[in-house]
Amino acid sequence: MFLLRVHSVEEEHPLDPRTIFQSQTNNPKFSQRRGALHLFRTSSHSSPSSLLFILAVPNYLSFHDFIPFCGPHLDRLHHLLFIRNDGTEDRYSVLIEFADHFAADAFYTNFNAKKFSPAEAEVCHILFLQSVEYSKYAEAAGTPPPGCTEIPTCPVCLERLDPDTSGILTTLCDHSFDCPCVSKWTYLSCQVCRFCQQQDEKPTCFICGTLDDLWVCMICGFVGCGRYKEGHAIQHWKDTQHCYSLDSKTQQIWDYVGDNYVHRLNQDQSKIDGKLEEMNFHCMSLEGECGMCECREDLGINGALFNSKVETIVDEYNRLLTSQLETQRQYYESLLVETKSKMESSMSEAVEKAAASEMLDIQNELEKCTEERNAIAEVNQKLIKNQEIWRKKVKEAEGRYICFCIFIFI
């Protein structure tokens with residue numbers, strides 16, 4: 001299931017969830033809008049949906065031509081919205097809401113993977129949407145929701161991904177370099193497709209300018225160097241969460257989140273090899289199995305080719321496994337260094353905190369003793385003052401006593 005986020009670029013008629021399907025024409029079921037599209041694949045499985053999204057309709061099929069193209073299958077239509085994706089003027093997308101999921105399933109069955117025109121190369125790709133979200137801000141619209149991964153909106157780029165990732169089960173072409181099929185498609189606004197078709201130019205990393213080990217972001221077309229150079233491609237993934245990157249040399253697509261290849265050719269090739277392994281070759285001669293026909297020679301050639309292919313695949317995956325193990329070793333070593341650094345920092349902080357606490361206690365005790373000393377000194381001063389007063393009183397009393405005694409004797 002997929003999720004669509006739309007960043008509105010129209011000030012007069014912004015895309016709003018409450019008015020997204022409201023028409024500006026006389027027909028309340030059909031409307032047109034402009035917006036920047038972001039398509040996300042969700043990891044959760046939801047209930048059947050009545051909301052369909054047609055990924056890319058070429059411009060030669062106008063809005064008015066699209067309705068007859070669908071024919072009577074739009075009878076149970078609830079709303080239909082044409083969205084012109086900002087920055088891709090060569091195509092538009094269609095958002096269709098049906099009365100129920102049965103009508104949506106019927107429409108999907110009839111039109112998915114169907115050519116828009118028999119003489120053209122473009123194919124109708126339909127995806128079931130879990131929901132459509134609207135955002136006024138480009139950064140918010142391009143940020144993947146939790147548990148979601150952004151995928152390309154270009155149909156050619158989407159066909160390069162394996163079916164589990166793209167949702168597109170079958171394709172007519174592998175879209176390799178200099179592929180005539182891609183040149184017939186009118187989606188020239190896709191930076192990745194332009195990159196694949198313009199191999200005469202020497203691309204460079206957008207950051208460091210290196211020419212080797214280049215990877216192209218399948219979402220925005222950013223060109224960065226691999227992890228064994230400066231690692232600007234993987235840094236781009238960390239900064240933007242664009243996890244699909246195309247190897248400029250082999251055209252294999254790497255998924256940074258799943259940490260594996262997700263190119264359609266890898267998936268299809270494994271299925272073909274599995275079928276070849278189970279295939280039995282039989283002599284087709286009318287005389288039964290014989291030693292004169294070329295069946296045995298063909299069987300030997302096919303076996304040799306199969307063994308060679310297996311050996312090549314084994315070598316490739318051994319190299320891949322070695323590189324991944326080395327990467328994992330470096331990763332876990334960095335984790336150990338980071339953990340050790342954090343532990344030392346924590347211990348240092350604990351010691352400093354304990355010393356500061358002890359120092360604070362000593363300071364408080366010192367202040368308390370100082371206060372007690374000052375209080376005792378004040379009491380002592382009062383006692384000394386009282387002592388002088390009483391001494392004077394004693395002298396005066398002694399003087400009066402002496403005078404009294406003299407007076408008596410006289």
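In this structure, NZ in Lys229 is found 9.5 Å from CG in Leu211, a value given to the nearest 0.5 Å. How far CG of Asn112 is from CG of Asp105: 11.5 Å, rounded to the nearest 0.5 Å. Remark: Leu52 CG to Ile126 CD1 distance equals 6.0 Å, nearest 0.5 Å. Note that the CD atom of Glu230 and the SG atom of Cys225 stand 5.5 Å from one another [nearest 0.5 Å]. From Leu80, atom CG reaches atom CD of Gln32 across 10.0 Å, with rounding to the nearest 0.5 Å.
Aromatic pair Phe222/His242: centroids not less than 6.0 angstrom apart. Residues Phe2 and Phe40 keep their aromatic ring centres 6.0 Å or farther apart.
Between Glu396 and Lys393 there is no salt bridge, since none of the side-chain N atoms of the basic residue sits less than 4.0 Å from a carboxylate O of the acidic one. Using a 4.0 Å cut-off between charged nitrogen and carboxylate oxygen, Arg329 and Glu333 count as a salt-bridge pair.
Arg91 places none of its side-chain heavy atoms less than 4.5 Å from the side chain of Glu122. Within the 4.5 Å cutoff, side-chain heavy atoms of Glu358 are placed close to those of Ile362. Between Asp65 and Tyr60 the shortest side-chain heavy-atom distance does not fall below 4.5 Å. When side chains are defined from C-beta on, Glu133 counts as touching Leu3, because their heavy atoms get closer than 4.5 Å. Contact annotation: the side chain of Leu51 never approaches that of Phe128 to less than 4.5 Å [non-hydrogen atoms, C-beta and beyond]. A 4.5 Å side-chain heavy-atom check between Cys124 and Lys115 finds every atom pair outside the cut-off.
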Candidate pair Gln252 and Tyr261, rule side chain to side chain contact (heavy atoms under 4.5 Å, CB included), full reasoning: CA-CA 7 Å; Gln252 291 185 344; Tyr261 286 105; 3.3 Å; yes
Candidate pair Gln235 and Asp239, rule side chain to side chain donor-acceptor pair (under 3.5 Å), full reasoning: CA-CA 6 Å; Gln235 186 61 42; Asp239 295 338; 3.1 Å; yes
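Residues Ala141 and His7 approach most closely at CB-CB, 3.8 Å, considering heavy atoms. The two residues Leu77 and Glu97 come nearest to each other via the heavy atoms CD1-O, 3.7 Å. Minimum heavy-atom separation, Ser93 to Phe53: CB-CE1, 3.5 Å. A pairwise comparison of heavy atoms in Leu161 and Pro152 identifies CD1-CD, 3.9 Å as the closest pair. Closest approach of Val192 to Cys157, counting heavy atoms only: CB-SG, 3.7 Å. Across all non-hydrogen atoms, the minimal contact from Ser245 to Met218 is N-CG, 4.1 Å.
Within 6.0 Å of CZ in Phe102 there are 12 or fewer heavy atoms belonging to other residues, nucleotides or ligands. Surrounding CD of Glu139 are at most 12 heavy atoms belonging to other residues, nucleotides or ligands under 6.0 Å away.
Using a distance-only test at 3.5 Å, with no hydrogens or angles considered, a donor-acceptor pair links the side chain of Thr42 to the main chain of Met1. Judged by distance alone, with hydrogens and angles left aside, the side-chain atoms of Arg5 form a donor-acceptor pair with the main-chain N or O of Ala140 at under 3.5 Å. For the pair Ser346 (side chain) and Lys342 (backbone), a donor-acceptor distance under 3.5 Å is present. Side-chain atoms of Ser341 never come within 3.5 Å of backbone atoms of Val337 as a donor-acceptor pair (strictly under, hydrogens ignored). Within the 3.5 Å criterion, the main-chain N or O of Leu335 finds a donor-acceptor partner in the side chain of Thr339.
The side-chain hydrogen bond (donor to acceptor under 3.5 Å, both in side chains) pairs that include a residue from residues 205-214 are Asp213-Trp215, where partners are two or more places apart or lie in different chains. Applying the ring pair (Phe, Tyr, Trp, His ring centres under 6.0 Å) test to pairs two or more places apart or on separate chains, none has a residue in residues 353-407.
Using a 30° and 60° split on the angle between ring planes, Phe66 and Phe69 fall in the tilted class, from 30° to 60°.
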Distance-only donor-acceptor pairs under 3.5 Å for side chains of residues 364-371, two or more places apart:
| residue | atom | partner | partner atom | Å |
| --- | --- | --- | --- | --- |
| Asn364 | ND2 | Leu360 | O | 3.2 |
| Thr370 | OG1 | Leu366 | O | 2.7 |

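For the residue pair Asp247 / Gln251, no side-chain donor-acceptor distance below 3.5 Å is found, with atom types taken as modelled. For the residue pair Thr149 and Tyr244, no side-chain donor N or O sits within less than 3.5 Å of a side-chain acceptor on the partner. When only modelled atom types and interatomic distance are considered, Asn59 and Arg84 share a side-chain donor-acceptor pair under 3.5 Å.
A cation-pi arrangement is absent between Lys238 and Tyr256, since the terminal nitrogen or guanidinium carbon is not both under 6.0 Å from the aromatic centre and inside a 45° cone about the axis. The cationic atom of Arg33 (NZ for Lys, CZ for Arg) does not lie both less than 6.0 Å from the six-membered ring centre of Phe82 and within 45° of the ring axis.
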